[in-house]
Amino acid sequence: MSSAAPGRIRHAVVLAHPDPNSFNATIARTYCDTVQGAGQEVILRDLYAMNFDPVLRNEERPDRKEVMLAPDVQTELDMLSGTNVVTFVFPIWFGMPPAMLVGYIDRVLGAGTTVRQVQDRSAEGPLGKGRLCAITTSGAPADWLEAQGQTGALRELAGTYLFRAFSMRSNEVLHIGDVVEGASSAFIEDNLQRVRTRAASICARVRQELYGTPLPPQLGDGS
């Protein structure tokens with residue numbers, strides 16, 4: 001990612017849920033609203049609404065001698081250029097992210113990046129030197145997912161692996177479990193507040209890193 005101009009901090013939120021009225025969509029909008037409230041820029045990429053094609057074509061594979069990027073992939077790469085924070089918002093289905101998001105990672109984040117570059121940690125890609133955040137949801141309780149080993153596996157996939165593979169500055173994961181139809185308004189608001197708090201924390205830390213702006217007192221202890 002290129003350096004931001006003074007005073008300019010940019011976030012990209014990538015939403016992978018087919019229902020525009022889902023809790024995931026509400027999370028994405030809440031994150032965006034918090035970023036804008038902090039005076040930073042944000043762009044929302046709703047993959048299902050965009051009809052993003054998740055299928056990786058043979059000519060797009062990075063081990064080909066002449067990689068040919070499709071126009072939709074180039075559009076996403078242009079959008080990610082100059083972005084300081086990329087936040088993925090998605091549900092856990094059958095223990096995995098939606099195929100739509102996996103395809104986005106394959107086609108966009110992995111564009112032009114070879115396995116050798118990942119192993120050598122020499123890959124930078126569109127996320128290089130930026131921050132990565134994943135906000136995930138599940139119908140199952142978080143403690144049940146933890147017991148099945150799914151939380152740790154998703155943390156490795158959505159955070160640590162991409163973080164290391166693309167030489168990113170940092171990564172973090174926020175998981176919200178027990179997301180079922182008919183959830184109480186108190187449950188929804190409590191968890192949206194967690195999203196606001198996480199987004200505000202990320203905004204403050206990026207501002208400090210780039211411009212030396214002091215952290216708010218509640219973040220000054222590294223919490």
Side-chain angles (χ1 to χ4, degrees), residues 1 9-38 40-57 60 68-111 125-127 130-139 154 157-159 162 166 171-177 179-183 185 187-189 191-196 198-200 202-203:
M1 297 180 184
I9 298 173
R10 194 163 183 262
H11 300 241
V13 176
V14 180
L15 170 64
H17 197 291
D19 184 355
N21 299 312
S22 66
F23 185 50
N24 278 254
T26 302
I27 288 172
R29 290 191 293 269
T30 298
Y31 184 99
C32 290
D33 290 345
T34 303
V35 169
Q36 290 176 325
Q40 299 179 15
E41 297 178 15
V42 63
I43 183 171
L44 174 62
R45 307 303 282 173
D46 184 338
L47 300 185
Y48 283 91
M50 292 161 50
N51 289 318
F52 179 79
D53 183 357
V55 178
L56 179 71
R57 302 295 191 272
E60 294 177 325
M68 298 179 60
L69 299 181
D72 61 337
V73 172
Q74 191 60 58
T75 295
E76 294 307 301
L77 292 173
D78 291 343
M79 180 276 299
L80 289 172
S81 177
T83 299
N84 306 98
V85 183
V86 175
T87 297
F88 296 115
V89 180
F90 61 93
I92 298 171
W93 288 339
F94 301 104
M96 299 177 290
M100 178 70 84
L101 181 60
V102 175
Y104 189 87
I105 293 172
D106 285 346
R107 297 189 66 218
V108 178
L109 303 191
L127 306 185
R131 282 179 171 264
L132 175 67
C133 177
I135 303 177
T136 63
T137 66
S138 66
L154 280 164
L157 169 65
L162 292 177
F166 295 108
N171 78 94
E172 51 192 282
V173 177
L174 172 63
H175 179 71
I176 301 173
V179 179
V180 295
E181 187 173 355
S185 57
F187 171 87
I188 293 173
E189 180 53 37
N191 283 290
L192 290 180
Q193 186 55 44
R194 292 175 64 196
V195 173
R196 295 185 191 101
R198 182 62 60 96
I202 292 172
C203 288

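What you see is a predicted model, and the numbers here were worked out from it, not measured in a lab.
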Give the C-alpha distance, both sets of side-chain angles, the deciding distance and a yes or no for side-chain contact (heavy atoms from CB on, under 4.5 Å) between Asp72 and Glu76. CA-CA 6 Å; Asp72 61 337; Glu76 294 307 301; 5.9 Å; no

Leu56 CG to Asp106 CG distance, which is reported to the nearest 0.5 Å: 5.5 Å

Between the CZ atom in Arg198 and the CD1 atom in Ile27, the distance rounded to the nearest 0.5 Å is 12.0 Å

For the pair Arg107 (side chain) and Ile105 (backbone), establish whether a donor and an acceptor sit closer than 3.5 Å, ignoring hydrogens and angles. no

Which atoms form the tightest heavy-atom contact between Arg194 and His175, and what is the distance? NH2-O, 3.3 Å

Classify the ring geometry between Tyr104 and Phe88 as parallel (under 30°), tilted (30 to 60°) or perpendicular (over 60°). perpendicular

Determine the minimum heavy-atom distance between Arg10 and Met79, stating which atoms define it. NH1-O, 2.6 Å

Just so I know, are the side chains of Met100 and Tyr48 near enough to count as touching, which here means a heavy-atom distance under 4.5 Å? yes

Note, Val42 side chain near Gln36 side chain (heavy atom, < 4.5 Å): yes

Using a 4.5 Å cut-off on heavy atoms from C-beta on, say whether the side chain of Gln40 contacts that of Val85. no

Side chains of Val195 and Asn191 in contact at under 4.5 Å (non-hydrogen atoms): no

Between atom CD1 of Ile202 and atom CD1 of Ile9, what is the distance when rounded to the nearest 0.5 Å? 12.0 Å

When every non-hydrogen atom of Ala111 is compared with those of Val73, the smallest separation belongs to CB-CG1, 4.3 Å

Evaluate the side-chain contact (heavy atoms from CB on, under 4.5 Å) criterion for residues Val89 and Val13: first the C-alpha distance (whole Å), next the side-chain angles of each, then the deciding distance (0.1 Å), finally the verdict. CA-CA 7 Å; Val89 180; Val13 176; 4.0 Å; yes

Answer yes if the side chains of Glu41 and His11 hold a donor-acceptor pair under 3.5 Å, and no otherwise. no

CG/Leu192 to OG1/Thr34 distance, rounded to the nearest 0.5 angstrom? 9.0 Å

For the side chain of Thr26 and the backbone of Ser22, is there at least one donor-acceptor N/O pair under 3.5 Å apart? yes

Distance from Leu174 atom CG to Cys133 atom SG, nearest 0.5 Å? 6.5 Å

So, do Val35 and Cys203 sit near enough that their side-chain heavy atoms are less than 4.5 Å apart? yes

Does a sphere of radius 6.0 Å around CE in Met68 hold more than 12 heavy atoms from other residues, nucleotides or ligands, not counting ones at 6.0 Å or beyond? no

Heavy-atom pair of closest approach, residues Ala16 and Leu101: CB-CB, 3.9 Å

Shortest non-hydrogen contact from Leu15 toward Ala25: CD2-CA, 3.9 Å

Are Leu80 and Val86 side-chain neighbours, meaning at least one heavy-atom pair lies under 4.5 Å? yes

Restricting to non-hydrogen atoms, name the atom on Val180 and the atom on Gly139 that form the minimum distance, rounded to 0.1 Å. CG1-O, 3.8 Å

Does a side-chain heavy-atom distance below 4.5 Å link Ile135 with Tyr31? yes

Leu47 versus Phe90: any side-chain heavy-atom pair under 4.5 Å? no

Spatial distance of atom CZ (Arg45) from atom OG1 (Thr87) [nearest 0.5 Å]: 15.0 Å

